[in-house]
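Written below as C-alpha cells is the structure these notes are about.
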Amino acid sequence: MSDLKLIGSRPEVKSAVLSDLAGAFLDAVREPDGENVAAVTGFLTSTMVQAGEQLGLGALRTVSFAGQARACLVAVRSDSVVTAFIEPPTSVATVERVLDPSDSSPRGR
Amino acid sequence: METILQAVLDVTGVGATLVFDGGGRLVCHRGHAIYDRALCEQISGTLGKAVDTIQLQQEDWESVSARYNDGKLLLRNLGAAGGGTYVLAVVADATLNPSFATVAIRVAANKLKKALGSGAAPSVLAAAPAHAAASSTLLAGSSVQAVGSSSLLPSSRLADSRPALASSSGLSWSQTSSVGLSRIAVADPASSTYLSRTAKELARHVGPMAKVYVEEAVRRVSPDAPFSISLGGKLLEDLAGQIEDSGDRMRFRQAVQLAMQIPAADHPRWAELVTGKVPFKPSFLAARMFLASARMEVGKRGANPELIKKYAAGLRDMFAENADSSNVRQDLAKVFK
C-alpha cells in the first residue's frame, strides 16, 4: 500500500497530499487544494534540507509543525514528499510511526 | 537571555540554541564551538524562510520539529514582543533525550517571552555589531559566548578572537594579510567567492567544521602567498581527499565545479531576472517563489539599484546552492543561452 493510502486511512489524518521534491502535485486524499499544499511543502522541504546541510545534520526525514487544533507532518522520501494534516495535534507521533516504523524507539522521536 | 539559552544547551545532545526574529535575524545564541556566530546568523536566515512558509500553511503554529538522519532541529514560536516576532531554535544530535528537551524548551520559551516582552531584545540587537567578532571566538571552553556577552570576557581574550566570518552567505574571507590563526589572505574577490562556495559545499558533507577545514587546506596549498583562484583545483583535491565516502567525494567535486560555472552576481542577466525585464519562469520552484517575491518588492519600492543588486545576489546564491538539481541546470541553460 502506498504511503498516501496508508496514512489516508488513519482516522486522525484529515487530509494528505503526495508531491515530488520540487513541489509538483501528484495525488491527494480529502484535500481540495492539493497543488497549493504541494508547492508550500516543496519549498519548506528544500529550506529545511538547506538548514540541515548547513548544520551537518544529514538527510531530512520528517518535518512536523503543530498549533492548537491541528498539526502537519511532512515525510520526505527519496523522490517524493507526503504531507498529512492531523487532528488532534498530539497524534503526530502515531502517524509518524505509521510512516516510519523503524523509528519506534522513544529516543528517536 | 544567555542564561536562559544556556539552560537548554545543558541538556544532553543539544549543540546550539538560538533566538531569531521574524526577519530571520539572529538575536542571541549559545552553542558549542563549531556553532559560531556566523553559522548561527546563516541558519537564522534559512529558518526565517522556513517559518514564513509554515505560516502560509498554519498561522497559529507553536512548534516545529525536523528530524534528520544525524540529529534534530526544534523550533518554538515565542510570539510577538516589543513590536517583533521571535522564534527559539534548538539544534541537537541523535543523543537528544526528547522528554528532557521538551521540558527545557518549554521552560526556556516562557522565560524568553517574559524577557523579550520586557524589552531585552532591542538591547541585544543594538549590541550585535560591536560584539560580532567576540561572539565567534573559539575559546578554551566548549561553548561560545553570544551577542551581548562580551562584557563577560576578559579583554585579552577579545584581542585574540577569531574574526567574524559573517556575510550574507554566512562566510567571508579577509582580503588583508594577517598572522592571525583564522585569517586567510586572498588575492582578489573571485578567490574569496571561491573559498566561500567551497566551504558551503563541504559543509554538506562534514557540517559546520567545513570552514576550519578550508582554512587549514588553504594554509597547506598556499602557505606563503595570498590564496588565488588559480590554486582552486589543488585546494579542491586537498579537501576532497578528506572526505571518506567516495560517492560524497565525487559529489563534492562536482558541486563546487558546477557552482563556480554559474555567472557572478554582477552579471546583468541576474538583475534583468529580478526586475522582470526578462520574463522568465524557472522550473526550480524555490527560484520561482523567490522571483515572485523579488519582483513584487522591486516594483513596490521602485527600481532601487541596491535592492536589485541584493535580490540578484540572492538569486545567484540560490542557483549556486542547488547547482546539482536538474531543474536548476535546465533553468541556467535557458537563462544564459
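Here is how names work: the chains are called A, B, and so on, in the same order as the sequence lines, proteins then strands, and each is numbered from 1.
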Could you pull out the closest heavy-atom pair between B:N327 and A:A22, with the gap in Å? ND2-CB, 3.7 Å
What pair of heavy atoms forms the shortest contact from A:Q68 to B:D60, and how long is it? N-OD2, 3.5 Å
Portion of B:A92 that has a non-hydrogen atom of chain A nearer than 4.5 angstrom: backbone
Is a side-chain donor or acceptor of B:Q58 paired with a backbone partner of A:R70 at a separation under 3.5 angstrom? yes
Toward chain A, the part of B:L47 with a non-hydrogen atom under 4.5 Å: side chain
Quick one: of A:L60, A:T47, A:L57, who has the most non-hydrogen atom pairs under 4.5 Å with chain B? A:L57
Regarding B:K200 and A:E53, does a basic nitrogen lie under 4.0 Å from an acidic carboxylate oxygen? no
Minimal non-hydrogen separation, A:M48 against B:A50, with atom names: SD-CB, 3.6 Å
Are any of the side-chain heavy atoms of B:L39 and A:L55 separated by less than 4.5 Å? yes
Less than 4.5 Å apart, side chain to side chain, heavy atoms only: is that true for B:E62 and A:F65? no
I need the residue from A:V37, A:N36, A:L21 with the largest number of non-hydrogen atom pairs under 4.5 Å to chain B. A:V37
Over all heavy atoms of both residues, which pair between A:F43 and B:T53 is shortest? Give the atoms and the distance, please. CD2-OG1, 3.2 Å
So do A:V63 and B:V64 actually touch side chain to side chain, heavy atoms under 4.5 Å? yes
Distance-minimising heavy-atom pair for A:E96 and B:R67: OE2-NE, 2.9 Å
Would you name the heavy atoms of B:D70 and A:G58 that are closest together and state the gap between them? OD2-CA, 3.8 Å
